[in-house]
S.K.: 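There's a structure below that I have some questions on.
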Amino acid sequence: MVGCATRFPVEPGGRVLSITRSDPPLLPTNPAYGTTLQVRWLGTACYLIQLGDRAIFTDPFLSHQSMARVWFHGAIESDALAVRTNLASLPVVPKAIFVGHSHYDHLLDAAECLRQPNWSGVPIYGSQSTSNILAGYGPEFAAHCHPVRTNTDRQPVSAGIRYKAFIAPHGRQLPVGPLL
């Protein structure tokens, strides 16, 4: 469940990282903690990306409901216990949650994440569809959603964190045929 990038200092100008399973996560007491990018994969496109105490969370999908289960079971519901268990293992609360697109396997657990201790003030960045889905959970959840501005300069999130979003097509869901 936890995979961290190989220890690699973050330097101005950037570097290409080769992500492989590595040592256990760095603790704040480690001198490299503030300069080493750590990436934890939690399934599908759900990652915690952390540099020191600055972190972002992507595509909150921790319930891991398969497409086959959805097709045959018919219910798509967040699993509160799975979300709570996965988030309890994280070393920091992120400064923001980014949702790439609003399919269930990228957004299903967003509201449940915001229900967790210390996560209630975390902003979510996503599309208008993301905001509409969160509104279905109640106005307090929709209030956390910030529309992503694409194809613009870097946008501030919090101290030391900015993003630059761009429009990208979704990949195929199946090896043959169009996107469903």
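If you read the sequence from its start, that first residue is 1, and numbering goes on from there.
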S.K.: Could I get the full list of ring-ring contact (aromatic ring centres under 6.0 Å, His included) partners for Tyr125, not counting sequence neighbours?
M.R.: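 Result, ring-ring contact (aromatic ring centres under 6.0 Å, His included) vs Tyr125: Phe98, His146, Tyr163.
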
S.K.: So, for Pro25 and Arg40, which heavy atoms are closest and what is the spacing to 0.1 Å?
M.R.: CB-NH2, 2.7 Å

S.K.: Minimum heavy-atom separation for Val92 to Ala55, with atom names?
M.R.: CG2-CB, 3.5 Å

S.K.: Taking Asp109's backbone N and O only, do any of them form a donor-acceptor pair with Ser78's side chain (distance below 3.5 Å, no angle check)?
M.R.: no

S.K.: Give, for atom CZ of Phe141 and atom OG of Ser131, the distance between the pair rounded to the nearest 0.5 Å.
M.R.: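 Answer for the CZ-OG pair, Phe141 versus Ser131, is 13.0 Å.
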
S.K.: Measure across Thr36 and Ala32 and return the closest heavy-atom pair with its distance rounded to 0.1 Å.
M.R.: OG1-O, 2.8 Å

S.K.: Excluding sequence neighbours, so at least two apart, what forms ring-ring contact (aromatic ring centres under 6.0 Å, His included) with Phe61?
M.R.: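 Expected list: His64, Tyr104.
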
S.K.: Would you mind reporting whether Ile56 and Ile161 have side-chain heavy atoms less than 4.5 Å apart?
M.R.: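 Heavy-atom side-chain distance check passes, below 4.5 Å.
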
S.K.: Can you sort out the partners of Ser102 under side-chain contact (heavy atoms from CB on, under 4.5 Å), two or more places apart, ordered by chain and number?
M.R.: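 Counting only residues at least two positions away or on another chain, Ser102 forms a side-chain contact (heavy atoms from CB on, under 4.5 Å) with Leu107, Ser127, Ser129, Thr130, Ile133.
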
S.K.: Heavy atoms, side chains only, cut-off 4.5 Å: are Leu48 and Pro91 in contact?
M.R.: yes

S.K.: Going from CH2 on Trp41 to CD1 on Ile49, what distance comes out if it is rounded to the nearest 0.5 angstrom?
M.R.: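 Between Trp41 CH2 and Ile49 CD1, I get 14.0 Å after rounding to 0.5 Å.
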
S.K.: Please enumerate all residues that pass ring-ring contact (aromatic ring centres under 6.0 Å, His included) together with His101, with sequence neighbours excluded.
M.R.: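 Listed in chain order: His103, His106, His170.
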
S.K.: Which heavy atom in Ala165 sits nearest to a heavy atom in Val148, and how many Å separate them?
M.R.: CB-CG1, 3.2 Å

S.K.: Can you see which heavy atom on Ala82 is nearest to which on Leu62, and at what distance?
M.R.: CB-O, 3.8 Å

S.K.: Please report the closest heavy-atom contact between Leu134 and Ala111, naming both atoms and the distance.
M.R.: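 What the structure gives for the nearest pair is CD2-N, 4.1 Å.
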
S.K.: Should Glu112 and Tyr137 count as side-chain neighbours, where that means a heavy-atom distance under 4.5 Å?
M.R.: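 No, their side chains stay 4.5 Å or more apart.
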
S.K.: If you define the side chain from C-beta out and look only at heavy atoms, does anything of Val122 sit under 4.5 Å from Cys113?
M.R.: no

S.K.: Holding to ring-ring contact (aromatic ring centres under 6.0 Å, His included), I want the full list of residues that pass it with His144, two or more places apart in sequence or in another chain.
M.R.: none

S.K.: How long is the straight-line distance from CZ of Arg115 back to CG of Leu87, given to the nearest 0.5 Å?
M.R.: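 Result: 12.5 Å between the selected atoms.
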
S.K.: To the nearest 0.5 angstrom, please state how far the CG atom of Leu37 sits from the CD atom of Gln50.
M.R.: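 Here the rounded value is 9.0 Å.
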
S.K.: Contact between Phe57 and Leu90 at the side-chain level, heavy atoms closer than 4.5 Å - yes or no?
M.R.: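 Yes, at least one pair of side-chain atoms sits under 4.5 Å.
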
S.K.: Mind jotting down which residue pairs meet the salt bridge (Lys or Arg N to Asp or Glu O under 4.0 Å) criterion with at least one end in residues 75-85? Sequence neighbours excluded, please.
M.R.: none

